[in-house]
Amino acid sequence: MSKQYPEYKHLSLPELEKEVLKFWDAHDTFAKSVSTREGKPSFTFYEGPPSANGKPGIHHVISRAIKDIFCRYKTLQGFQVKRKGGWDTHGLPVELQVEKAMGITKADIGTKISIKDYNAACKEDVLKYKHLWDDITRKMGYWVDLDDPYITFESNYIESVWNLLRRLWDKGYLYKGFTIQPYSPAAGTGLSSHELNQPGTYQEIKDTSAIAQFKVKGTENEYFLAWTTTPWTLPSNTALTVGKNITYVKVRTFNRYTQQPAIVILAKDRLAKYFSEQKVDLQPEEVKPGSKPIPYIEIVAEVKGSELAGMEYDQLMPYVQPDKPAFRVIIGDFVTTEDGTGIVHTAPTFGADDFKVAQQNDIPPIMVEDEEGNPIPLVDKRGRFVKEVTDFAGRYVKDYGQEEERSVDEDISIMLKKADRAFLIEKYVHSYPHCWRTDKPVLYYPLDSWFVKTTAVKDRLIELNNTINWKPASTGSGRFGNWLENLVDWNLSRSRYWGIPLPVWRTEDGSESICIGSVEELSGEMDKAVAAGLMEADFVKNFLEDVDLHKPGVDDIVLVSKNGQPMHREPDLIDVWFDSGSMPFAQWHYPFENQETFKANFPADFIAEGVDQTRGWFFTLHAIAVMLEDSVAYKNVIANGLIQDKNGNKMSKRIGNVVDPFEMIEENGADAVRWYMLGNTSPWENLRFNPAGVQEVKRKYFGTLYNTYNGFFATYANIDGFTYGERIPVSERRELDQWIISVLNSLVKTVQTSMDDYEATPAIRAIDYFVNEQLSNWYVRLSRRIFWKGEMNQEKEAAYQTLYECLRTVAVLMSPFAPFFSDRLYRDLGAGESVHLANFPEINADEIDLSLEERMEMAQRLTSMILSIRKKEKLKVRQPLQKAMVAVLGKDMHEQLDRVQAIIAAEVNVKDITYITGDNAVLVKKVKPNFRLLGPKLGKLIKELGPALAKLTQAEIRQLEAEGELQVQLSEPITLTSNELEVVSEDIPGWAVASDGKYTVALDLSLTEDLKQEGIARELVNRIQNLRKDKGFDVTDKIEIQLVKNEAWDEAVESFSQYIQQETLAQNLAVVEGIPYGDAIEIENVQGTIALAKV
RNA sequence: GAACUCGUGGCCAAACUGGAUUAAGGUACCUGCCUGAUACGCAGGUGAUUGCAGGUUCGAGUCCUGCCGGGUUCACCA
């Protein structure tokens, strides 16, 4: 006869998972979990596209586990949850990886290698690790549709993105500007603010800083002092900026390098930093180069910044002249006196603030023309001085790997010193941004750029953000909210090759332009261009045959303007973040296809990614949705924290503390990894990933649950031939059954409430607690006897049903978190095709009995207390005792205890539980105040209450119990009622007592002869059971026992023969004189011999 | 430098809107148990002035201020 419930030899999660994966494949379970919900309300989830050009790490497992958990949970609840996968394919990381592999730099693209070949290489490279991603996705049990993913490099995707750009264009949200931006000469590209925010971008570096002396026009030796950490920008200086309300002083002194007399101007607050003291008779020879600070002679004058404004000075390094009047003092609100001199050197071409303030004051930048006649600043795009800066022509302004004796900053400083224009030159350590990929310093550099005018909808962005349910809330209001408050326009341009080209064509003078919103439109425009003779018909035909909207193809397209002028494409690509932020639209090729699908799936109900996406994907999704749909893009979002190693360090390949997700899963199983990661800490906290924790989960949770099913339920249910027939009403089951069913229903409620609030951790912990403590350690332990003794009857049947219901419900509840094990359990129980096609359990409110839960908890605590007395007194549980006494406080407790006392008695092996009630004088009682009620009532008086209550006599306490109220004399007389006080017993004089909160219990330790004999009988039973097991007898085998006469236990055998036989399934227990065979046993140091035989 | 966030026994962590006793529980550690479901198990026990210093309150792990430390994010830093 085949067994109803499969039994296993051992538990191996990794093996089990492999089998379950095969099952899912064979039965198409994922697809079914979606298709069986056809017509049900949908729950929309957006998959944040990973980039497959790197290998998946353990941190990817956590964010994907979160996504998976909620999608599965919503499926259980009856929603249809489609999950389209996606791949992020464009961007600088891909390009740099390809450059590295090919051994080329950006400058080589278009020369050594054609753009076409280069982009082909990028396309090839970007999905390099797709197989690993697919593999981890599968192995970790993440259900997402990998067969039909959206891919950002596909023409349909790009076309949708173009359409979005066009809609922004039509709303006037797309514009071209010229701004100072972070620029990486080493990478040859501007950096977005997201890129500048990569960790490790700001590094501590030591630079040469200079306080330069700008000579006030028309004076002999009066100078403005201005500090800079970038002396290489001094040739580009065209203004000095001061604070309107800052007080400045003119100080008479000597230059420390040249000993020339000088009058210098600086902020009064900064005086002490650079000058030590006033020294009226200061002589030039006293001022040495090394001395800083130096003394000064006198303060000549004190003026406000506003009075300095408009003053002119001589150009400091006159290599190139500006085309308008410059070299004036201007006012800026960003000037402080925390550093430097309170006068800011202003080079409009190399600082964002400088640029802005110069523009406001009509100060020109210093520019030269390159070979093509385009205006450029004094430093070229590779970070070198242009030829016009004769002394330093061709030299790199920062460390870009060149070898040189001294840096440009140092050489400029030396030159200033010699020219009597350097007030102070020092080394200065500060944090400076570095390119996140090349690790070289960033320059602030003037670049042409296209912007998205996000500031135009700033208020709406903030308003709608407030409607999003952020987990944790602080990320939404704090990190994300603050970012929105300080929003700047989104710089969309990237001057690279592998990405979505900006679909804007302009005439040379910029007077006419067009933004293309679809391939069809492009095709129409191309036809016009052919007609105008600007393009070959063949080219157009070839292009449209196999549309590829990447460079270089699109750059060869020349369109014609309304006035017949040729228009060329703006050369930039767009920020890759725009790609991924477009996915709600572009994944469906909206609006060209799937209009209904898009509408049904926008906005998303739920997304989840790491906190690092706050300014990335979370922002771009939000920004695009708000600008174009005036809607949020997602309603609920979980931003998970970082994964660190077990010591709290960041994981990095260099340190070698990275956890390989494949190994982790192979060793412990994905279920254990998922359970650990989400059960240990709320996902938005940083998780210190400790492999020992995964193993603990594996053996404690999964081990216990496996054992409850396999070692217990399946074993006995198969013996008894149990199948789940007609449900026996819970009210007709044992109290213990009613209890666990009640607790189970409470569990369902807890899980549902937590999950509805996107809190997975409390749900996991609740399930864990239920399985370990309540089901396994209490229910199953106390139910052992009913399962292995006696014939099948209604009571036993009910117990089986109870255990079965618990296991089946647990399987469903845990299935979002541990999709493999739960499915196996569910199917082993014969509960259905797959747990993932099941429905979330109903809560049967009428099966919840809180009073029952409460008394069972009391039983558990009292049991534990009595056991602790036994332990202390060194009395084995196997030794029966006559009685335990429990202090009973009040009628409720009396009634509750009545119903569980049998359970306690059996658990602690006593014959009788007696109650010590309130009027029993042996009980020493105490009164404790209920602070929650009395705090507000008594206020400060409450401090007197403690001592007053301690002084109460036992008689007074009995009076309180009898009358329900009590007079207490504090500073004023107070009447306290019994609900404001709690009476607690603490001690029973003369007994072995344990006390815990409101429970007090005493144990009668006296051993009668009968009890001793029964104890011996129990020992015998135990030895026999052990032998049965050793001999490999089946649990149901009947035996015969021969026991050699021994005065140590003959009496016990005689008195308890019946009991011993019953317990050991013995049909016969014979006491014999001596046998030549048998096994040695020992009870309390007495040796004996016994023989067992199967009947 | 600024903002946000966290800081509870060796380690991981709970404690609802400030409230009741000894600040849960797990792990590790110590002790005792192979008790017929589990030794990857069971039972019992040791271990914390809740980072430090103040404050508000009848009452603070929880609220406020300052400091120290971790993390994240931001910054035009001249």
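The chains referred to below are lettered A, B, ... by the order of the sequence lines, with proteins before strands, and numbering in each begins at 1.
Summarising the base pairing, B:C33 is matched to B:G41 through a Watson-Crick or G-U wobble pair whose two defining distances lie under 3.5 Å. With both pairing distances under 3.5 Å, B:G61 is matched to nothing as a Watson-Crick or G-U wobble pair. With both pairing distances under 3.5 Å, B:U56 is matched to nothing as a Watson-Crick or G-U wobble pair. Remark: B:A15 base-pairs with no nucleotide; criterion is Watson-Crick or G-U wobble with both hydrogen-bond distances under 3.5 Å. B:G10 is paired with B:U27 under the criterion used here, namely a Watson-Crick or G-U wobble arrangement in which both key atom distances are under 3.5 Å. Pair assignment for B:U22 gives none, since no Watson-Crick or G-U wobble pairing has each distance under 3.5 Å. Of the nucleotides present, B:A2 is the one that pairs with B:U73 by Watson-Crick or G-U wobble criteria, both distances under 3.5 Å. Figure legend. B:G47 is base-paired to no nucleotide; pairs are counted as Watson-Crick or G-U wobble with both atom distances under 3.5 Å.
Rounded to whole Å, the distance from CG on A:Leu782 to C1' on B:C42 is 14 Å. Rounded to whole angstrom, the span from the CD atom of A:Gln774 across to the P atom of B:G25 amounts to 14 Å. Atoms NZ (A:Lys700) and P (B:A39) sit 13 Å apart, rounded to a whole Å. When the C1' atom of B:U27 is taken as reference, atom CG of A:Asn680 falls 11 Å away, rounded to whole Å. To the nearest angstrom, C1' of B:G44 lies 14 Å from CE of A:Met865. We find that CZ of A:Phe787 is positioned 16 Å from C1' of B:U38, with the value rounded to whole Å. Whole-Å rounding puts the A:Asn707 CG to B:C40 P distance at 12 Å. For the pair A:Glu759 CD and B:C16 P, the computed distance is 13 Å after rounding to whole Å.
Contact annotation: A:Lys698 side-chain N/O to B:C40 OP1/OP2 distance is not under 4.0 Å. Checking the phosphate oxygens (OP1, OP2) of B:C42, no side-chain nitrogen or oxygen of A:Arg781 falls inside 4.0 Å. Put simply, A:Tyr444 has a side-chain N or O that comes within less than 4.0 Å of OP1 or OP2 on B:C77. When the side-chain nitrogen and oxygen atoms of A:Arg765 are compared with OP1 and OP2 of B:A14, one or more of them lie within a distance under 4.0 Å. A close approach under 4.0 Å does not occur between any side-chain nitrogen or oxygen of A:Thr704 and OP1 or OP2 of B:U38. Applying the 4.0 Å criterion to OP1 and OP2 of B:G44, one finds that A:Ser864 has a side-chain N or O inside that range.
For the pair A:Tyr676 and A:Asp207, both in contact range of RNA chain B, the more 5′-proximal nearest nucleotide belongs to A:Tyr676. Comparing A:Thr708 and A:Gly351 against RNA chain B, the residue whose closest nucleotide sits nearer the 5' end is A:Thr708.
For A:Thr681, counting side-chain heavy atoms from C-beta on, the closest listed nucleotide (B:U38, B:A13, B:U27) is B:A13. With B:G26, B:C40, B:A43 as the choices, the nucleotide that has an atom nearest any side-chain atom of A:Arg699 turns out to be B:C40.
Between the side chain of A:Arg765 and the backbone N or O of A:Asn680, at least one donor-acceptor pair lies under 3.5 Å. No donor-acceptor pair closer than 3.5 Å links the side chain of A:Thr241 to the backbone N or O of A:Ile330. For A:Ser682 (side chain) and A:Trp684 (main-chain N/O), no donor-acceptor pair under 3.5 Å exists by modelled atom type. In this structure, the side chain of A:Tyr800 engages the main chain of A:Tyr716 through a donor-acceptor pair within 3.5 Å. One N or O on the side chain of A:Asn690 and one on the backbone of A:Ala692 form a donor-acceptor pair closer than 3.5 Å. Checking side-chain atoms of A:Asn710 against main-chain N and O of A:Glu7 turns up no donor-acceptor pair under 3.5 Å. A donor-acceptor pair is defined here as one N or O able to donate and one able to accept, closer than 3.5 Å; no such pair exists between the side chain of A:Thr761 and the backbone of A:Gly679.
With both ends at atom C1', the span from B:G44 to B:U62 equals 33 Å, rounded to whole Å. Separating the P atom of B:U57 from that of B:G51 is a span of 23 Å, rounded to the nearest Å. The same atom, C1', is picked in B:G69 and in B:U27; the two are 25 Å apart, to the nearest Å. Only the P atoms considered, B:A24 is 12 Å distant from B:U46, to the nearest whole Å. Look at the P atom in both B:A48 and B:G25: the space between them is 15 Å, to the nearest Å. A distance of about 31 Å separates the C1' atoms of B:A13 and B:A2, rounded to the whole Å. Nucleotides B:G26 and B:C40, compared at atom C1', are 15 Å apart to the nearest Å. B:U50 sits 13 Å from B:G10 when the P atoms are compared, rounded to a whole Å.
A:Phe713 comes within contact range of no nucleotide atom at all, as no heavy-atom separation falls under 4.0 Å.
Between A:Thr704 and A:Asn772, the side chains place a donor N or O and an acceptor N or O closer than 3.5 Å (distance only, hydrogens not considered).
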